[in-house]
A.B. asks: 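Before I ask anything, let me first share the structure, which is written out below as structure tokens.
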2 protein chains.
Amino acid sequence: MADKQKPKLRLSPAERRSLLEDAACACIARGGIRDFTVDKVVAEAGVSRGLITHHFGSMDGLLAAVYSRMYHDWLTVMATPRPGLSRIEAMIEALVSPALFGREVLKIWLTLWGEIAINPVLRDTHRQLYGDYRASIMLALSEAAHANGRQIDAETVATAFICLIDGFGVQRCVEPALLSEEEARAACWAFLRPYIGDQGVAVR
Amino acid sequence: MADKQKPKLRLSPAERRSLLEDAACACIARGGIRDFTVDKVVAEAGVSRGLITHHFGSMDGLLAAVYSRMYHDWLTVMATPRPGLSRIEAMIEALVSPALFGREVLKIWLTLWGEIAINPVLRDTHRQLYGDYRASIMLALSEAAHANGRQIDAETVATAFICLIDGFGVQRCVEPALLSEEEARAACWAFLRPYIGDQGVAVR
DNA sequence: GCTGATACTATACAACCGTTCAGCAAGGAA
DNA sequence: TTCCTTGCTGAACGGTTGTATAGTATCAGC
């Protein structure tokens with residue numbers, strides 16, 4: 001409050017775009033796609049109505065930017081190595097970490113999925129980005145299976161695993177109390193154990 | 001087309017409500033929550049604008065009706081016994097059947113989840129109905145595990161299994177080509193096998 | 001300091017939003 | 001037939017939607 005002394009600066013396009021994406025995320029997390037409106041977003045960002053069109057061309061443009069930003073952030077967190085943990089362990093820890101498992105983030109994802117399902121333009125963007133996500137999971141799975149001397153159909157397992165993760169997201173959004181971080185982690189390992197073994201980690 | 005010769009009949013409230021719910025489902029499946037509007041729904045149903053308020057009080061009322069109708073249909077299909085199949089087998093077959101696994105149906109669910117996540121009233125309705133869903137899955141799991149002489153924590157397994165199913169729905173909506181009915185069935189069994197065994201069914 | 005590019009504001013606009021309400025008309029009860 | 005409940009219509013309302021656009025403010029290059 002006290003530090004918000006009207007900067008009213010003239011920002012670089014990259015900075016302003018980022019601020020508007022932040023505001024859009026906040027609106028979507030609060031009220032879903034119905035709160036993704038010009039008035040709500042510019043009020044959240046503290047700018048004038050014209051800025052969205054100026055920087056993104058349209059609301060669809062802003063939504064696409066939000067989507068690819070979310071994907072980028074997701075992949076970044078997921079690909080961050082954690083000292084002492086194998087790739088698959090680090091990945092699961094990332095998946096249940098607040099940065100990816102937080103309800104606000106997941107509510108945004110849920111909204112975005114709903115839009116992808118009906119918006120062909122967004123679906124094309126999704127197809128391009130989604131490959132990286134899928135590939136990184138397949139890599140971690142293959143590595144883990146190989147380390148335990150097993151052979152798996154990484155593609156099939158990865159698909160089902162991704163579904164499980166997405167389902168966690170849905171469940172956390174509609175009934176957060178039913179699935180804690182701890183339970184999600186355990187469910188991940190229970191799912192993967194038949195394929196890749198225990199990885200020598202104490203799992204409960 | 002030819003058979004739509006303007007019946008303009010005066011229907012019973014139950015019939016008219018059902019027709020409006022149908023129309024609302026069609027709109028939501030087509031364009032998500034943004035196409036759930038008075039104009040779109042009444043155009044789809046071929047009635048006047050005032051009818052929604054007359055029968056449901058508000059658009060929120062109609063959405064709640066759509067939600068509970070979807071839940072009721074879902075449970076009905078899932079609880080239908082299939083000759084020669086155990087309860088858990090019948091349940092999985094139902095889950096991958098067109099009635100529940102069809103993309104149109106799943107797009108409606110995806111939209112509804114998004115609304116539940118942000119609408120407290122809808123969330124309360126969800127809590128009440130959701131218990132039945134959860135309970136029926138737990139029952140089937142316990143039964144199957146017991147038949148194979150195993151002991152499981154049905155609650156934990158059911159939660160994870162529900163997540164997997166929800167994730168199937170998400171995946172089918174955003175990228176239908178990646179998950180066929182056959183693959184979903186196989187993934188279900190692969191997930192459940194460690195808990196309840198094979199049930200003596202040929203699974204591939 | 002001057003100039004031009006552009007970040008940004010603010011208004012205007014037509015279309016659409018959900019809800020209200022007065023009135024019409026169908027059909028059972030008398 | 002007459003009456004009255006009620007399914008149903010359609011216009012009207014105030015508010016919100018996304019976009020276009022004219023105008024202002026700021027900064028980089030000169």
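Here is the naming used below: chain letters follow the sequence lines, and residue numbers restart at 1 for every chain.
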A.B. asks: Counting the atoms with a prime plus P, OP1 and OP2 as sugar-phosphate, which does B:T37 contact under 4.0 Å by heavy atoms, base, sugar-phosphate, or nothing?
C.D. replies: sugar-phosphate
A.B. asks: So does B:D22 pair up with B:R17, basic N to acidic O under 4.0 Å?
C.D. replies: no
A.B. asks: How many Å lie between CG on B:D39 and C1' on C:dG18, as a whole number?
C.D. replies: 9 Å
A.B. asks: With heavy atoms under 4.0 Å as the rule, sort A:I52 into base, sugar-phosphate or nothing.
C.D. replies: nothing
A.B. asks: Which of the following nucleotides, C:dT9, D:dG7, C:dG18, is nearest to the side chain of B:V38?
C.D. replies: C:dG18
A.B. asks: Mind calculating the distance between CZ (A:R16) and P (D:dC27) to the nearest angstrom?
C.D. replies: 12 Å
A.B. asks: Which residue, B:K40 or B:G50, contacts DNA chain C at a nucleotide closer to its 5' end, judged by nearest heavy atom?
C.D. replies: B:K40
A.B. asks: Answer yes or no: is there an ion pair linking A:E44 with A:K40, defined by an N-O contact shorter than 4.0 Å?
C.D. replies: no
A.B. asks: Less than 4.0 angstrom from a charged side-chain N to a carboxylate O is my criterion; do B:E104 and B:R30 meet it?
C.D. replies: no
A.B. asks: D:dT6, OP1 or OP2 - any side-chain N/O from B:H55 closer than 4.0 Å?
C.D. replies: no
A.B. asks: Whole-Å distance between D:dA20 P and A:F56 CZ?
C.D. replies: 16 Å
A.B. asks: Given D:dA11, is OP1 or OP2 found less than 4.0 Å from the side-chain N or O atoms of B:R49?
C.D. replies: no
A.B. asks: Over how many whole Å does the gap from B:L51 atom CG to C:dG18 atom C1' extend?
C.D. replies: 15 Å
A.B. asks: Students often get this wrong, so: under 4.0 angstrom with heavy atoms, is A:F36 touching a base, only sugar-phosphate, or nothing?
C.D. replies: sugar-phosphate
A.B. asks: Rounded to the nearest angstrom, tell me the gap between atom CE in A:M59 and atom P in C:dA15.
C.D. replies: 20 Å
A.B. asks: Which class fits the ring pair B:Y133 and B:Y130: parallel under 30°, tilted 30 to 60°, perpendicular over 60°?
C.D. replies: perpendicular
A.B. asks: Please identify which of these residues, A:R134, A:R123, A:R127, meets the salt bridge (Lys or Arg N to Asp or Glu O under 4.0 Å) condition with B:E175.
C.D. replies: A:R127
A.B. asks: Let me know the distance between CD of B:E15 and P of D:dT6, rounded to the nearest Å.
C.D. replies: 17 Å
A.B. asks: In whole Å, I'd like the distance from the CG atom of B:L11 to the P atom of C:dA25.
C.D. replies: 18 Å
A.B. asks: Kindly say if B:H54 contacts the phosphate of C:dT20, meaning a side-chain N or O under 4.0 Å from OP1 or OP2.
C.D. replies: no
A.B. asks: How would you label the contact of A:S12 with the nucleic acid (heavy atoms, under 4.0 Å): base, sugar-phosphate, or nothing?
C.D. replies: nothing
A.B. asks: I want to check one thing: is the phosphate of D:dA25, taken as OP1 and OP2, less than 4.0 Å away from some side-chain N or O of A:R10?
C.D. replies: no
A.B. asks: Between D:dT17 atom P and A:D60 atom CG, what is the distance in whole Å?
C.D. replies: 16 Å
